[in-house]
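Computed from a predicted model, the values in this text were never measured in an experiment.
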Amino acid sequence: MSEAHAAHTKVHDYHLVDPSPWPFLGAMAGLLMAVGGVMFMHNNPVGWLVLLVGFLCVLGVMAGWWRDVIKESVQHKAHTGVVQIGLRMGMVLFIASEVMFFVAFFWAYFNASLFPTEAIGGVWPPEGIETFDPWHLPLMNTTILLLSGTTVTWAHHALREGDNRTTVQMLAITVGLGVFFSCVQAYEYSHATFAFSDGVYASTFYMATGFHGFHVLVGTIFLAVCLRRAMARQFTAQKHIGFEAAAWYWHFVDVVWLFLFVAIYVWGR
């Protein structure tokens, strides 16, 4: 073996990532979508178009980035045991950052609701706000998410038992329930009696539930990718870190919704 060849031979279990355009492109796509969202909420005539283009760019980045990571795992066999530990730690830290993201929304909500100012009549919910009945559509969505948490756990256990057929079936049901949840929430929004700009209640309500809805959308796409990979038999009972990350993310979405349901829909009524 030549000295030059020996220098390039991998003698460790770590994965040295190649230069990638996705972090930069993802940041630019997210910025474009955020700018479009601001323009849309300020009734800019082209705001919806910028928002749509930004959203499609985010989807494109997600597709390209996931494709490269899957290729590293399936084709290059780069996800060794050591690398999987790093991926799990990265997912845990990502979910921890998401927890703090929602803590900020809950902080704003409880600050406004526990200490209502004279500007909103000194009461909560503010005068003139007609809140949703928590035991109607919100309860239905709670049931849908809890059921989806059950099916994704069922799929995980089936995968660990080597039952790929049940894994595919349960993942398909989970993705369907995620889509159903988003449809019910869109229907709920269409029947709201208050708009985003109708005071502090409306702002905190739409910020908290809207961002949760966005996370449901991302989680549904994440699980749909896992469904496609399970159908292609890319997961094994011993190695399915991508599925584990998706399941953790989905359970996080479940837990956040329970807090939203209790704090905003039931207690804040």
Evaluate side chain to side chain contact (heavy atoms under 4.5 Å, CB included) for N141 paired with F180, printing each intermediate quantity in order. CA-CA 9 Å; N141 261 349; F180 190 27; over 6 Å; no
Under a single-linkage definition using a 4.5 Å side-chain heavy-atom cutoff for Ile, Leu, Val, Met, Phe, Trp and Tyr, are [X] and [Y] assigned to the same hydrophobic cluster?
X    : Y    : value
L146 : L139 : no
F261 : M140 : yes
V200 : V103 : yes
I85  : Y14  : no
I241 : L93  : no

Take Y189 and T209 through the side chain to side chain donor-acceptor pair (under 3.5 Å) test and state the conclusion after the steps. CA-CA 10 Å; Y189 281 0; T209 61; 2.6 Å; yes
Quick check: F110 with W267 (ring centres under 6.0 Å apart)? yes
Would you say the rings of F115 and W124 are close, in the sense that their centroids are separated by under 6.0 Å? no
When you compare the side chain of [Y] with that of [X], does any pair of heavy atoms fall below 4.5 Å?
X    : Y    : result
S197 : M41  : no
F106 : T204 : no
M170 : H157 : no
I120 : T117 : yes
L258 : T142 : yes
T80  : H15  : no

Those residues at least two apart in sequence (or on a different chain) that pass salt bridge (Lys or Arg N to Asp or Glu O under 4.0 Å) with E188 are none
Side chain to side chain donor-acceptor pair (under 3.5 Å) between S148 and W250, intermediate numbers included: CA-CA 9 Å; S148 69; W250 196 251; 2.8 Å; yes
[X] and [Y]: which non-hydrogen atoms are nearest, and at how many Å?
X    : Y    : result
E127 : V123 : CG-CG2, 3.9 Å
M39  : G47  : CB-CA, 3.7 Å
A237 : R160 : CB-O, 3.6 Å
G149 : D254 : CA-OD2, 3.3 Å
S73  : H79  : CB-ND1, 3.2 Å
G268 : P125 : O-CD, 3.7 Å

Scan the side chains in residues 216-233 for donor-acceptor partners under 3.5 Å anywhere in the protein, sequence neighbours excluded, and list what turns up.
| from | atom 1 | to | atom 2 | distance (Å) |
| --- | --- | --- | --- | --- |
| T220 | OG1 | V216 | O | 2.7 |
| R229 | NE | Q234 | OE1 | 2.8 |

Flag, side chain of H215 to backbone of F211, donor-acceptor distance under 3.5 Å: yes
Would a distance-only check, ignoring hydrogens and angles, find a side-chain to backbone donor-acceptor pair under 3.5 Å from H76 to A78? no
Starting at [atom1] of [X], measure out to [atom2] of [Y] and round the result to the nearest 0.5 Å.
X    : Y    : atom1 : atom2 : answer
T193 : I129 : OG1   : CD1   : 6.5 Å
L147 : I173 : CG    : CD1   : 8.0 Å
M28  : M33  : CE    : CE    : 13.0 Å
Q185 : S182 : CD    : OG    : 7.0 Å
I95  : H251 : CD1   : NE2   : 10.0 Å
F243 : L159 : CZ    : CG    : 6.0 Å

For [X], does the [atom1] atom sit with more than 12 other heavy atoms under 6.0 Å from it, leaving out its own atoms?
X    : atom1 : value
H42  : NE2   : no
F259 : CZ    : no
F132 : CZ    : yes
W248 : CH2   : yes
F40  : CZ    : no

Take the angle between the ring planes of Y201 and F205 and call it parallel below 30°, perpendicular above 60°, tilted in between. parallel
Would you call the rings of F196 and Y206 parallel, tilted or perpendicular if under 30° counts as parallel and over 60° as perpendicular? tilted
Contacts of W257 that satisfy ring-ring contact (aromatic ring centres under 6.0 Å, His included) - sequence neighbours left out: F181, H212, Y265
ring-ring contact (aromatic ring centres under 6.0 Å, His included) involving H191 - partner list, sequence neighbours excluded: Y187
For a quick test of your reading: what N or O donor-acceptor pairs under 3.5 Å do the side chains of residues 48-72 make, sequence neighbours left out?
| from | atom 1 | to | atom 2 | distance (Å) |
| --- | --- | --- | --- | --- |
| W48 | NE1 | P45 | O | 3.3 |
| D68 | OD2 | W22 | NE1 | 2.6 |

Those residues at least two apart in sequence (or on a different chain) that pass side-chain hydrogen bond (donor to acceptor under 3.5 Å, both in side chains) with T150 are none
Scan Y109, W107, F101 and name whichever one has a ring pair (Phe, Tyr, Trp, His ring centres under 6.0 Å) with F105. F101
